[in-house]
Amino acid sequence: MEKGMMNMETPTNVTIKGILGTLMASVDEKKKRVISLGMGDPTAYSCFTTNSIVQDSVVQTLESQKFNGYSPTVGLLQTRKAIAEYLSINLPYKLLEDDVYITAGCTQAIEVAISILAKPNANILVPKPGFPIYELCAAFRNVEIRHFDLLPDKGWEVDLKAVDALTDQNTVAIVIINPGNPCGNVYSYQHLKKIAEIAQKHKILVIADEVYGHLAFGENPFVPMGVFGSIVPVITLGSLSKRWLVPGWRLGWLVTTDPNGIFKNTKTVDRLKKYFDICGGPATFIQAAVQRILEDTKDVFFTTTLCTLKQTSDLCFKKIKEIPCLTCTQKPQGAMAVMVKLNISLLKDISDDIDFCFKLAKEESVILLPGLTVGLKNWVRITFAAEPSSLEEAFDRIKYFYQKHSHQQKGQNNQLQFKQQIFL
Ligand SMILES: *Cc1c(COP(=O)(O)O)cnc(C)c1O
């Protein structure tokens, strides 16, 4: 490959799936049952199962035999309409079907967003810690990535000063993930407004990754970035994956939330429409089921999921406090994972987060994601979308692992030996 083609810290081998695969391979399966708190796929646990309406909707569209053909490249009209209506409920203006494009999960929506914004010398601002797919897509499209920090002591809010300092005339967009992965934060209305205003000041647009939309169970309610669409044009990304617990169905969307029509004037819409000619979206019968899924899913399904996530995140927070080498600066308020700080100096034979996760996998069959994968060395990401009993057991094993590797234990032993020597 030509030098400069991948002009960044080559993220190609540090994807979440890549590193989790390597961690899994180092587990000794004969020892203990593997507990993975590494991946954001909650369907591995029976308390995170989708509901029967969602299933029936797909069965119905499949059996109708009406949806065996191609859909329009931008998605079925009825599906785009249904998503426009669903998202408009929380907005001060109404979205139309033309604002909505159907994608293969939120992952493809990210890929499309970066691809249509790519141009020579362009750069995009992304959060650190963040979601590695953005880096990976940008590398393939030759778009420069610039990281702004999320502040752990301020509820993982965006470091707005850093955004100001990083932006230049080649900056095209800022990525905001809310509710947040990997931090489990939910931003307030006021903070989102400040982000919108800073983007407006610099004339850049906002890519709002709302794949965890509505999965908020703490103080702050979920506010979609599109609420500020009249301040700044927003590209909203989402999917059925997380809220409906069907990540394998690959049904996502890219939506232009732009009441002032800036995207239309700048030909962004033309680029989008063309780009979709090369995107194979999700299966037509899954698209066709979306309207019923969005309209008929009962509130009790959502409240049950939120209740479980609140319970498991509280459990996680409590258990972390019992383990001296782990610190959680902010109680999770949404999404499915939390960032936890590692105090390496308390451990005698662990060099960093990667070493911690590999030894933990090998010795205790517990999988956590090394923070470096999402941009923060000596942190770990812990997924709390898991069965409470599995979480309890995982933390008991982590505690045991800490005790085995802590200096303190060695110290106590020395003291004991010392005392024994004196008294003998
Ligand atoms: C899971 C996730 C995605 C990808 O969603 P899919 O619909 O499964 O493709 C995108 N962004 C973030 C922040 C995620 O956590």
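Throughout, residue positions are numbered sequentially from 1 according to the sequence presented. Since the model is a prediction, treat every value here as computed from it, not as a measurement. Atoms within each ligand, like the ligands themselves, are counted from 1 in listed order.
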So, Phe222 versus Tyr212, ring centres under 6.0 angstrom or not? no

Proximity flag Met336 to ligand 1, non-hydrogen atoms under 4.0 Å: no

Please state whether the rings of Tyr134 and Phe131 are parallel, tilted or perpendicular, taking 30° and 60° as the class boundaries. perpendicular

Do ligand 1 and Cys106 have nitrogen or oxygen atoms that lie under 3.5 Å from each other? yes

Counting only heavy atoms, which portion of Lys242 has something under 4.0 Å from ligand 1: side chain, backbone, both, or neither? side chain

Aromatic ring pairing Tyr86/Trp244, orientation class (parallel under 30°, perpendicular over 60°, tilted between): perpendicular

Cut-off 3.5 Å, side chains only: do Tyr402 and Glu322 have a donor facing an acceptor? no

Close-contact set for ligand 1 against Ser241 heavy atoms, below 4.0 Å: 6 (P), 7 (O), 8 (O)

Minimum heavy-atom distance Leu95-Ser88, with the two atoms named: N-OG, 2.8 Å

Under 4.0 Å from one or more heavy atoms of Ser239, ligand 1 contributes atoms 7 (O)

Under 4.0 Å to a heavy atom of Thr107 - the qualifying atoms of ligand 1, by number: 4 (C), 6 (P), 9 (O)

Quick check on contacts: which atoms of ligand 1 are under 4.0 angstrom from a heavy atom of Tyr212? 14 (C), 15 (O)

Going by an N to O cut-off under 4.0 Å, is there a salt bridge joining Arg141 and Glu111? yes

With no hydrogens and no angle check, just 3.5 Å: does a side-chain donor-acceptor pair link Tyr275 and Ser115? yes

In terms of atom number and element, which parts of ligand 1 are under 4.0 angstrom from non-hydrogen atoms of Ile177? 13 (C)

Go through ligand 1 atom by atom and flag the ones less than 4.0 Å from a non-hydrogen atom of Gly105. 7 (O), 9 (O)

